4 protein chains.
Amino acid sequence: VDKTRTEAFSDAVIAVAITLLALDLRVPEPTEAASLAHQLGERWPNYVAYVISFVTIGIIWINHHAMLRRISGVDHTILVLNLLLLLTIGVLPFSTALMARYLTESHGEHLAAAVWAGSFLVMALAFFVMQRHLLIAKAHLVHERLGPAVRRWVLRRNALGLLPYAIATLGAIVSPYLTLAICGLVAGFYALPATTGDASELAGGPDAEVAP
Amino acid sequence: VDKTRTEAFSDAVIAVAITLLALDLRVPEPTEAASLAHQLGERWPNYVAYVISFVTIGIIWINHHAMLRRISGVDHTILVLNLLLLLTIGVLPFSTALMARYLTESHGEHLAAAVWAGSFLVMALAFFVMQRHLLIAKAHLVHERLGPAVRRWVLRRNALGLLPYAIATLGAIVSPYLTLAICGLVAGFYALPATTGDASELAGGPDAEVAP
Amino acid sequence: VDKTRTEAFSDAVIAVAITLLALDLRVPEPTEAASLAHQLGERWPNYVAYVISFVTIGIIWINHHAMLRRISGVDHTILVLNLLLLLTIGVLPFSTALMARYLTESHGEHLAAAVWAGSFLVMALAFFVMQRHLLIAKAHLVHERLGPAVRRWVLRRNALGLLPYAIATLGAIVSPYLTLAICGLVAGFYALPATTGDASELAGGPDAEVAP
Amino acid sequence: VDKTRTEAFSDAVIAVAITLLALDLRVPEPTEAASLAHQLGERWPNYVAYVISFVTIGIIWINHHAMLRRISGVDHTILVLNLLLLLTIGVLPFSTALMARYLTESHGEHLAAAVWAGSFLVMALAFFVMQRHLLIAKAHLVHERLGPAVRRWVLRRNALGLLPYAIATLGAIVSPYLTLAICGLVAGFYALPATTGDASELAGGPDAEVAP
């Protein structure tokens, strides 16, 4: 079973979700009471949340890209796991809007931040579960030059990636700004050069010789 | 006539529809009268309806995937039948939002549930009509190793798939929660491993020898 | 220059536009004053306009499909003409919503219907201009077996396709229901088997011998 | 690393953004106080801004098309730069709606115009940065027949393309209509035949001999 349509469908869902983020950047109504500059300025949480969520979804797309490139086909279980991953991505425009709306409020701001970071955590978890299924249960679909050591390394890195989102979710108890800072740092970190490896890099890396 | 663009267009329409579902997960306005937790909690029908509709559309995409993979080309009639199927999928964000909005109301909740399950029924019917057209009228476009017995088996399974949605639609007379439960069970059932077969599995199955 | 990405981009734009149509199928707010059935029933223009516009956009996609299949590459002028065609398609969710909102009103219903049918006319015109450019000015990009007679036949049919939309636009002066009926009939007509020809059919048709 | 999915993802994001522009073409509510013609007429800034932004995004898509066609693969840095470019494109439905809403207001119109043209400027800058990275730092990924002179010529043209948007942004101090006029002229200019070159044209141009 070929994987081209799975990639195309996933690309489209992620692309729609990432672009729908901007729907929450609403135009303020003209009013005598405040200048446009003031009104736009008040909405800074929307812009910050937009950028962080956009980069985070973009990174997950890059990783999804790398994950599917490693395998040569898909089956029903992979399709369903992929669907669950897309479900968690589809929720992000909502959780981002929630975070942006409540960040500067005096009620609900902790919960909103926890939901936002929590939605990243769930997404990362869905990614990890799919990655794990591919590398362990569907090892026969993976290009053979990925040895067991590389697989373990990929999975360990994916599991580690859950940690900052868990901390950010818990951090919402302290302050939603802490959550914002952690999620922003994570997005920035992954956007740095060479922080996401892909199969070709791995194959050329130190573990590459450990082919089955 | 090649089918690549038909797949790409269908993928995109289904991907947009599945992602638009999340637009109905609206952010509650901050208010003194109720905590955010309470407000979000009150909207649980939105989350449940989102998940069920997301998985249902995802399953139809997987089936669409399998259906088109069986044929080697498309013609005008296939394109129009596909368009009608996409039309029924495009309606789902609306019927899902309707269900979510009325589930816990004391007026209109039966009709809303019937419309929701009814929209799944119509979608499944459009799918069955297209599948039937491909396997019977356009048999020459189908890869030859699909014998008559396999075709009948696929169609029988598709026709059987209409049943739960018909029951869920009728069940709305009793209670919208019954409708919700049935549609949820159906989505969960199809998401289980190996409940949707595809041509390659079928070709390797017991009917595979019955090639024309 | 290859045309794959042009097809992919066009597919995506048309797919988004066709799916955004459903955003206008809004969920009525629960109210004591009227039953949900009554409220949904009152919105029948939305459902009718949704179906007609969906099928019309679907048909233009099928035709776009056939148009691009005839050529072997794209250049800047083709890309810009294609962009203008997509621009006219992108407007359709708006003009459809306008028609649906005003059809049963006692003010503005004629103008709304004229804008709706007029937006179809402009789209069909953009299609004709692009088709004409491909078949006349960019004849060297067209697969050679399309002879001059076939080209003239295709263009004549495209030009004829403008007529019903022009009549529907003018018919809005008489009644918006006349406009609705004409656009509905046109959509139904094109959805019938074998009303849109494609290159392969043409090549096998009576004109096929008239190759250059 | 292949670039097919990068193109597909970018196509989808740009396609969604370009189609979401139309969401701001809202249907006016029926009212006794003004005719529909009057109400639609009052919203002319929405239509003008829609067309200019649509063509501008379309042009950037054409250029993106040409930019990626020049390279044979992508790496992490390219993916991240591409993501930032898409982020700036995703913002355009918002900045376009802002411009359209405030153009004819007596407060905030200068800022709205500056934000609109400024968002084009930032997009063009992100494009330039990515182009520069590809042609200079990732020269080994570029098809070899693009000589140093051609590369410099492409970059010089991209850098020059920043100028009108910078002027349009500054021009908002004078009048938002000046900004509108400049952005409209730029969109019209790039839509003219042969104003965007692509690799194949360049390779056939005067610089084509200067291959490495």
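The model shown is predicted, which means the values in this text are computed figures rather than measured ones. In what follows, chains carry the letters A, B, and so on, assigned in the order in which the sequence lines appear, proteins first and then strands, with residues in each chain numbered from 1.
Val91(B) and Tyr50(C) make their closest contact through CG2-CE2, 3.3 Å (heavy atoms, listed as atom of the first residue, atom of the second, distance). Looking at every heavy atom in both residues, Ala8(B) comes nearest to Asp11(C) through CB-OD2, 3.8 Å. For the pair Ala12(B) and Ala15(C), the tightest heavy-atom approach, listed with the atom from each and the gap, is CB-CB, 3.4 Å.
In this structure, no portion of His38(C) lies under 4.5 Å from any heavy atom of chain B. Heavy-atom distances place both the backbone and the side chain of Phe9(B) under 4.5 Å from chain C. Neither the backbone nor the side chain of Leu21(C) comes within less than 4.5 Å of any heavy atom of chain B. With a 4.5 Å cut-off on non-hydrogen atoms, Leu20(B) touches chain C through its side chain but not through its backbone. For Ala112(B), the parts sitting under 4.5 Å from any heavy atom of chain C are the backbone and the side chain alike. At a 4.5 Å heavy-atom cutoff, the contact between Glu32(C) and chain B is made by side-chain atoms alone. Leu23(B) touches chain C through its side chain: at least one heavy atom from C-beta onward sits under 4.5 Å away, while N, CA, C and O do not.
Leu36(C) has its side chain out of reach of Glu105(B): every pair of non-hydrogen atoms, C-beta onward, lies at least 4.5 Å apart.
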> Step by step, would you call Leu98(B) with Leu25(C) a side-chain contact (heavy atoms from CB on, under 4.5 Å)?
Replying inline: CA-CA 10 Å; Leu98(B) 189 74; Leu25(C) 305 175; over 6 Å; no
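Between chain C and the residues Asp24(B), Leu111(B), Leu87(B), the most heavy-atom pairs under 4.5 angstrom are made by Leu87(B).
The CD1 atom of Ile57(C) sits 10.0 Å away from the CG atom of Leu83(B) when rounded to the nearest 0.5 Å. We find the NE2-CD1 distance between His76(B) and Ile59(C) to be 5.5 Å, quoted to the nearest 0.5 Å. A distance of 12.0 Å separates OG1 in Thr19(C) from CD1 in Ile18(B), rounded to the nearest 0.5 Å. Distance check: Thr6(B) OG1 to Trp61(C) CH2 gives 4.0 Å after rounding to the nearest 0.5 Å. In this structure, the separation between OG1 on Thr4(B) and CD on Glu7(C) is 8.5 Å, given to the nearest 0.5 Å.
By the 30° and 60° cut-offs, the orientation of the rings of Tyr47(C) relative to Phe94(B) is tilted.
In terms of modelled atom types and a separation under 3.5 Å, the side chain of His107(B) and the main chain of Ala34(C) share no donor-acceptor contact.
Around the CZ atom of Arg43(C), the shell of radius 6.0 Å holds more than 12 heavy atoms that belong to other residues, nucleotides or ligands.
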